[in-house]
Trainee: 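Got a structure for you, questions after.
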Amino acid sequence: MDSTKPRSMAAAASVVFLLVFSMSSLLVGAAAAAATGEKQSYVVYLGEHAHGERLGVAAAADVEALARQAEDSHCELLAGVLGDKEKAREAIFYSYTSHINGFAANLDAAAADEIAGQPGVVSVFPNRGHKLHTTRSWQFLGLAGAGGATAGAAWKKARFGEDTIIGNLDTGVWPESQSFRDDGLGPVPSRWRGECQKGQDDAFSCNRKLIGARFFNKGYASAVGKLNTSLFDTPRDSDGHGTHTLSTAGGSPVAGASVFGYGNGTASGGSPRARVAAYRVCYTPVNGSECFDADILAAFDAAIHDGVHVLSVSLGGDASDYFADGLAIGSFHAVRRGIAVVCSAGNSGPTPGTVSNVAPWIFTAGASTMDREFPSYVVFNDTKLKGQSLSASALSPAASSFPMIDSSQAAAPNRTQNESQLCFMGSLDPEKVKGKIVVCLRGVNPRVEKGEAVREAGGAGMVLANDVTTGNEIIADAHVLPATHINVVAAWTRANSPTDLAFDKRRVAFNSESGTSMSCPHVAGIVGLLRTLRPDWSPAAIRSALMTTAIEVDNERHAILNSSFVAANPFSFGAGHVSPIRAMNPGLVYDLAAGDYLNFLCSLRYNATVMAMFNADAGGAAPYRCPASPPKAQDLNYPSITVVNLTSLATVKRTVKNVGKPGVYTAYVTSPAGVRVTVNPDRMAFLVKGEKKTFQVRFEVTNAALAMDYAFGALVWTNGKQFVRSPLVVKTTMA
């Protein structure tokens, strides 16, 4: 997987299904450390604090006292293993003291294994590293007017996300960006309890738009070593990724935004009148990791305390056990407090099962294309091919022809043909490429770096060619020479180039980025609108509204295709393409409360002692107890339905709540191939708003061979005006 930056993440899409994992060892990856006795950083997770609900109304002195009590209890627990309280204090570098109960510490594998067996410990897992996974887009989504102007009726209806607080876990923020102007905004909302950390950066400041900023790097430092504090002890974004995602979710409108003149229009966040807060948890990549669990958990704990309504998190890693994943744990606690958490699905597809951030309490956002291009043409042998580019330069003279060469035929002395084909730095022979257009193969090294390799060798321009693994996906990059994805223009840091490459000294106010990192804040921005419009809706109700009103065809009403131009299915596009306007009035929603998620974990056979570390409700009244007969995992009231290992018959239960006018809804089913699907009842009358009704969906195998590699269908409830659509996914097995 290539990129303008050396990043990759997991899967190209799907919010439609749940992946269930068996409980395995929670000390994954500790074997090597155990063999040597060396120390590494671990997260010790203890469930949740009973005092969390009181923090919002407690006096500052009481909050500090509760934090000290939590720190002392963590120290006592570890001291019982290490045999010395002072050693415990030295080992612990984070205590999570607000809502998430736990700590992060440098331990050897033996100590980690011993503490995992202590009473009250839910899990112990290594401080795992994660990777980081506009002007036209809001018009494309039906919100903005011409040129991205903030004039759409739906935007106005939702008051532009007014005073919803959107937090962002990422690389920080560039506070001077025009996207964070606070013109026309009133006082900071009274629920805000956060702060604006400066760290080592006295120039950093917040305002009524960017109302808070924090940085968390102790987990990163424990993994990579001593840090240059002037670069790391600040919430300032030196990368650009965080500024881009935060401005996409909740940035103020900025007219005339462009990248080297391309994509000119008004750059705005999805909730342009929202308040925003930055939580810096990602830093310079080391061995492919840049955001660590210990820091992610600390940021979640702080964000919950600070009072955010929505969290946008464009990072992740390989799917793992829920209690061994900082993102899954942190988001769970956030959702328990009514915070909607939106995460990127990752970019590691199209291999099946590569989706990231699969916990059912998370909004998982995949990426799609939109109807905008930055065309750049190459003409040769009476053939004209259209690519895309954001290059600020053109061939000179423009009317002239230039010779073209395949980079694999231009290897420099002592460099391999494979290296030159990929246009690695220094791999091209200047005598062979000078003054020519060089055709480079996409893959391995960054796309823009390939152009720099051509330029350094004296090439006039570059054609970047896809191979079979990248299909027909083309991306508009800010190339450094005349050269030929999905692209979103949003704010950028002035501390880094638009390509994040050392040789690139250009600086821009806005940049074009692509992938699920950018789809995630788009969804977060829409969630912000819904949070302002429907403040009484739970995170699950908002997710249901987005999923059940999503569109399963493209903007021309044709089947959605993947990057190889093959018809896609719900494993690629999830519930469909988000429709903010339809989501504002979905008719019915599939709602979920915290207890439902706890019951879901019980259905996966999590240990009863472990589950008792959670409170039965957000008020912390009593420990949670699993029901004697937990509900089936497939009965989690999710807006899609998945049935696997179906041999003959299966019945799934769902409950919908009316959030619209009274009316009668009728069920229509498109059955997956080889399976007959029926709904009982198939007609439901709702007399009042807020009324709930339960129905069952029956799956009966008619031809198992047709669904052994998954088959797809849909269930739609409609009153003639609203269409509440749920994807159906079935995998059969021979009896």
Side-chain angles (χ1 to χ4, degrees), residues 21-49 70-97 100-130 218-225 286-287 289 291-298 300-301 317-330 332-333 359 601-602 604-614 623:
F21 302 93
S22 61
M23 190 76 164
S24 57
S25 169
L26 297 177
L27 294 174
V28 204
T36 61
E38 67 183 41
K39 291 184 179 180
Q40 66 178 87
S41 51
Y42 291 85
V43 173
V44 180
Y45 178 47
L46 307 173
E48 64 185 343
H49 287 294
E71 290 172 357
D72 287 344
S73 68
H74 297 158
C75 190
E76 291 284 354
L77 176 61
L78 185 56
V81 171
L82 300 183
D84 185 281
K85 198 166 184 177
E86 193 56 40
K87 287 182 180 178
R89 290 193 187 280
E90 291 176 0
I92 295 174
F93 57 87
Y94 274 131
S95 270
Y96 309 123
T97 62
I100 301 170
N101 189 4
F103 58 91
N106 292 311
L107 306 168
D108 60 36
D113 187 58
E114 184 176 348
I115 200 168
Q118 298 297 307
V121 175
V122 175
S123 61
V124 179
F125 54 95
N127 175 31
R128 187 171 59 135
H130 297 266
K218 295 177 182 177
Y220 178 83
S222 72
V224 307
V286 175
N287 297 324
S289 296
C291 329
F292 285 81
D293 274 326
D295 298 324
I296 291 168
L297 277 172
F300 267 111
D301 201 34
D318 294 337
S320 64
D321 186 278
Y322 294 138
F323 287 162
D325 181 345
L327 268 167
I329 292 170
F332 176 81
H333 286 272
L601 294 174
C602 290
L604 302 183
R605 300 293 183 262
Y606 276 83
N607 183 287
T609 303
V610 165
M611 298 306 299
M613 296 301 105
F614 299 93

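What you are looking at is a predicted structure, and each value in this text was computed from that prediction instead of being measured.
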Trainee: Can you list the steps and then say if Asn106 with Glu90 is a side-chain contact (heavy atoms from CB on, under 4.5 Å)?
Mentor: CA-CA 9 Å; Asn106 292 311; Glu90 291 176 0; over 6 Å; no
Trainee: Do you know which two heavy atoms are closest between Pro126 and Asp293, and how far apart they sit?
Mentor: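 Scanning both residues, the minimum pair turns out to be O-OD2, 3.9 Å.
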Trainee: Please identify each residue that fulfils salt bridge (charged side-chain N to carboxylate O under 4.0 Å, His left out) with Asp301, with sequence neighbours left out.
Mentor: none
Trainee: Could you walk me through whether Phe125 and Asp321 pass side-chain contact (heavy atoms from CB on, under 4.5 Å), step by step?
Mentor: CA-CA 10 Å; Phe125 54 95; Asp321 186 278; over 6 Å; no
Trainee: If you look at every heavy atom in Ala79 and Lys85, which pair is closest and at what distance?
Mentor: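 Ala79 and Lys85 have their closest heavy atoms at CB-CA, 3.7 Å.
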Trainee: Do you know which two heavy atoms are closest between Asp295 and Lys218, and how far apart they sit?
Mentor: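 Minimum heavy-atom contact is OD1-N, 3.1 Å.
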Trainee: At their closest point, which heavy atom of Asn127 faces which heavy atom of Ala294, and how far apart are they?
Mentor: OD1-N, 2.8 Å
Trainee: I need the Asn101 CG to Ser73 OG distance, nearest 0.5 Å.
Mentor: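 OG of Ser73 is found 6.0 Å from CG of Asn101.
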Trainee: How far does CD1 of Ile296 sit from NE2 of His130, to the nearest 0.5 angstrom?
Mentor: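 Rounded to the nearest 0.5 Å, the CD1-NE2 separation comes to 4.0 Å.
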Trainee: When the ring planes of Tyr220 and Phe292 are compared, do they come out parallel, tilted or perpendicular, using 30° and 60° as the limits?
Mentor: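 Aromatic pair Tyr220/Phe292 classed perpendicular.
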Trainee: Is there a side-chain contact (heavy atoms from CB on, under 4.5 Å) between Leu46 and Val121? Walk through the geometry before answering.
Mentor: CA-CA 5 Å; Leu46 307 173; Val121 175; 3.8 Å; yes
Trainee: Between Tyr42 and Ile115, is there a side-chain heavy-atom distance shorter than 4.5 Å?
Mentor: no
Trainee: Taking all non-hydrogen atoms of both residues into account, name the closest pair between Leu78 and Ala91 and its distance.
Mentor: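 Scanning both residues, the minimum pair turns out to be CD2-CB, 3.9 Å.
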Trainee: If I take atom OG1 from residue Thr97 and atom NE2 from residue His74, how far apart are they, to the nearest 0.5 angstrom?
Mentor: 8.0 Å
Trainee: Is the distance between the ring centroids of Tyr45 and Tyr322 under 6.0 Å?
Mentor: no
Trainee: Please name all residues satisfying salt bridge (charged side-chain N to carboxylate O under 4.0 Å, His left out) with Asp72, sequence neighbours left out, ordered by chain then number.
Mentor: Arg89
Trainee: Shortest non-hydrogen contact from Ala111 to Val81?
Mentor: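 For Ala111 versus Val81, the nearest heavy atoms are O-CG1, 3.9 Å.
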Trainee: Please determine whether side-chain contact (heavy atoms from CB on, under 4.5 Å) holds for the pair Leu107 and Lys39, giving the CA-CA distance in whole Å, both sets of side-chain angles, and the decisive distance to 0.1 Å.
Mentor: CA-CA 5 Å; Leu107 306 168; Lys39 291 184 179 180; 5.8 Å; no
Trainee: To the nearest 0.5 Å, what is the distance between CG (Leu601) and CZ (Phe614)?
Mentor: 7.0 Å
Trainee: Please confirm whether the backbone N or O of Ser320 pairs with a side-chain atom of Asp325, one donor and one acceptor, at under 3.5 Å?
Mentor: no
Trainee: Does Lys87 have any salt bridge (charged side-chain N to carboxylate O under 4.0 Å, His left out) partners at least two apart in sequence or in another chain, and if so, which?
Mentor: none
Trainee: Begin with the C-alpha distance, continue with both residues' side-chain angles, and end with the deciding distance and a verdict on ring-ring contact (aromatic ring centres under 6.0 Å, His included) for His333 and Tyr96.
Mentor: CA-CA 12 Å; His333 286 272; Tyr96 309 123; 9.9 Å; no
Trainee: I'd like to know whether Phe300 forms a ring-ring contact (aromatic ring centres under 6.0 Å, His included) with Tyr94, so could you lay out the CA-CA distance, the side-chain angles of the two residues, the decisive distance to 0.1 Å, and finally the verdict.
Mentor: CA-CA 13 Å; Phe300 267 111; Tyr94 274 131; over 10 Å; no
Trainee: Working to the nearest 0.5 angstrom, can you tell me the gap between Cys75 SG and Asp84 CG?
Mentor: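 Result: 9.0 Å between the selected atoms.
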